[in-house]
Amino acid sequence: MGLYYFDYHSFIIMIPAIIISMYAQIKVSSTFNKYSHIMTARHMTGADAAQRVMQYGGAFGVQIQHIGGSMTDNFNPSTGIISLSDPVYASSSISAVGVAAHEAGHAVQHAQGYLPNKIRALLVPVTQFGSRLSMPLILIGLILPVQYDFFVTLGIALYSLCVLFQLVTLPVEFNASARALRALDETGILDQQELLGAKKVLRAAAMTYVAATFTALLSLLRLLLIFGNRRRE
């Protein structure tokens with residue numbers, strides 16, 4: 001019972017992460033919705049803004065396409081395609097322009113060889129592998145006798161790679177937003193008041209990445225605590 005008792009109490013350390021994640025989701029949704037109802041003076045759509053930001057940053061040959069859903073916007077460096085969602089692609093709202101410019105910022109990072117972006121790209125296949133196997137290995141190791149703890153050790157090591165990926169993602173996301181806001185300002189796509197709104201939208205979006213990283217770190221700590229308690233038993 002010791003393992004389960006300790007695991008029950010170790011879950012307490014996840015409560016702050018749960019609260020922060022919930023707040024981040026509510027914040028990004030409410031902020032995006034607020035500024036999605038405020039149109040920009042230049043009436044430039046998200047797709048047009050993304051194109052202009054890429055031209056400003058020297059990212060050429062990137063395609064922009066429409067994708068269904070909401071908050072599904074992304075840049076795929078392997079295909080060289082920016083996908084913009086329903087509320088972003090053809091909308092000229094402050095939210096749409098800000099989000100589209102952020103994705104264009106990722107394209108500029110890729111074009112300019114931004115180092116953290118390169119490191120993140122290298123970690124993608126390893127992280128995908130680790131995310132699939134880490135928890136099954138940990139569960140198998142916890143079920144088997146203590147002499148099979150190497151399963152847990154391997155699982156935690158693979159999960160640590162996922163945590164590293166989250167940590168590297170933070171500067172990539174912050175930098176993409178910084179590039180976007182600078183381009184929106186210097187190209188005159190947004191005026192100063194609109195730029196302030198776009199900044200709030202991107203800051204709210206960034207909180208979701210901070211929350212995800214915080215959650216991953218606490219999850220790793222929890223696994224280490226559970227493993228340490230098992231070894232003491």
Side-chain angles (χ1 to χ4, degrees), residues 1-29 67-79 81 83 85 103 106 109-110 114-174 176 205-233:
M1 292 294 292
L3 173 61
Y4 297 101
Y5 177 81
F6 190 85
D7 182 51
Y8 169 77
H9 284 273
S10 72
F11 183 75
I12 294 175
I13 68 175
M14 296 303 300
I15 293 177
I18 295 171
I19 294 173
I20 292 174
S21 295
M22 290 176 61
Y23 174 77
Q25 290 298 328
I26 293 170
K27 184 68 175 177
V28 70
S29 179
I67 188 173
S70 178
M71 296 187 181
T72 51
D73 312 272
N74 68 88
F75 167 65
N76 188 334
S78 62
T79 59
I81 295 176
S83 299
S85 63
E103 298 306 330
H106 282 307
Q109 287 175 333
H110 182 67
Y114 180 58
L115 182 58
N117 198 45
K118 287 184 175 181
I119 296 173
R120 184 177 182 274
L122 290 173
L123 287 172
V124 168
V126 180
T127 302
Q128 290 175 339
F129 176 76
S131 63
R132 287 194 298 267
L133 291 181
S134 59
M135 288 305 167
L137 285 172
I138 290 171
L139 290 174
I140 290 171
L142 292 176
I143 292 171
L144 293 174
V146 70
Q147 59 262 35
Y148 295 97
D149 272 353
F150 65 88
F151 281 107
V152 182
T153 302
L154 180 57
I156 291 176
L158 289 174
Y159 187 76
S160 298
L161 293 174
C162 300
V163 176
L164 177 61
F165 179 81
Q166 291 288 349
L167 288 170
V168 175
T169 294
L170 286 181
V172 173
E173 294 298 330
F174 286 135
M207 284 184 61
T208 62
Y209 293 100
V210 174
T213 303
F214 185 56
T215 300
L217 286 168
L218 287 186
S219 296
L220 177 60
L221 175 60
R222 181 173 179 240
L223 290 172
L224 291 171
L225 289 173
I226 294 171
F227 185 46
N229 183 68
R230 171 184 167 89
R231 291 183 69 85
R232 284 193 295 273
E233 291 182 345

Practice problem: Kindly indicate, with the supporting measurements, whether the criterion side chain to side chain contact (heavy atoms under 4.5 Å, CB included) is fulfilled by Val126 and Leu164. | Solution: CA-CA 11 Å; Val126 180; Leu164 177 61; over 6 Å; no
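- With values rounded to the nearest 0.5 angstrom, Asn117 atom CG is found 9.0 Å from Glu173 atom CD.
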Practice problem: Determine, step by step, whether Val172 and Gln109 satisfy the side chain to side chain contact (heavy atoms under 4.5 Å, CB included) criterion, reporting the C-alpha distance in whole Å, the side-chain angles of both residues, the deciding distance to 0.1 Å, and the verdict. | Solution: CA-CA 8 Å; Val172 173; Gln109 287 175 333; 3.5 Å; yes
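- Nearest heavy-atom pair across Ala17 and Leu218 is CB-CD1, 3.8 Å.
- Residue Asp73 comes nearest to Ser85 through the heavy atom pair OD1-N, 2.7 Å, listed as atom of the first residue, atom of the second, then distance.
- For Ile119, the side-chain contact (heavy atoms from CB on, under 4.5 Å) partners at least two apart in sequence or on another chain are Leu115, Leu123, Val168.
- Nearest heavy atoms, Ala206 versus Phe174: CB-CE2, 3.4 Å.
- Atom OG1 of Thr153 is separated from atom CG of Leu158 by 11.0 Å, given to the nearest 0.5 angstrom.
- In this structure, Met207 CE and Ile26 CD1 are separated by 10.0 Å, a value rounded to the nearest 0.5 Å.
- Taken to the nearest 0.5 Å, the CZ atom of Phe151 stands 14.0 Å off from the CD1 atom of Ile156.
- Between Pro125 and Leu122, the shortest heavy-atom contact is CD-O, 3.5 Å.
- Closest approach of Thr208 and Gln25 over heavy atoms only: CG2-NE2, 3.9 Å.
- Leu167 contributes atom CG, which lies 11.5 Å from atom SG of Cys162 (distance to the nearest 0.5 angstrom).
- Considering every non-hydrogen atom in both Phe75 and Glu103, the closest pair reads N-OE1, 3.2 Å.
- Applying the side-chain hydrogen bond (donor to acceptor under 3.5 Å, both in side chains) test to pairs two or more places apart or on separate chains, those with a residue in residues 210-220 are Ser21-Thr215.
- Put simply, CZ on Arg120 and CD on Gln166 are 8.5 Å apart, with the number rounded to the nearest 0.5 Å.
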Would you list the atom pairs, donor with acceptor, under 3.5 Å between side chains in residues 129-141 and any protein atom, with sequence neighbours excluded?
residue: Ser131; atom: OG; partner: Thr127; partner atom: O; Å: 3.2
residue: Ser131; atom: OG; partner: Gln128; partner atom: O; Å: 2.9
residue: Ser134; atom: OG; partner: Gly130; partner atom: O; Å: 3.0

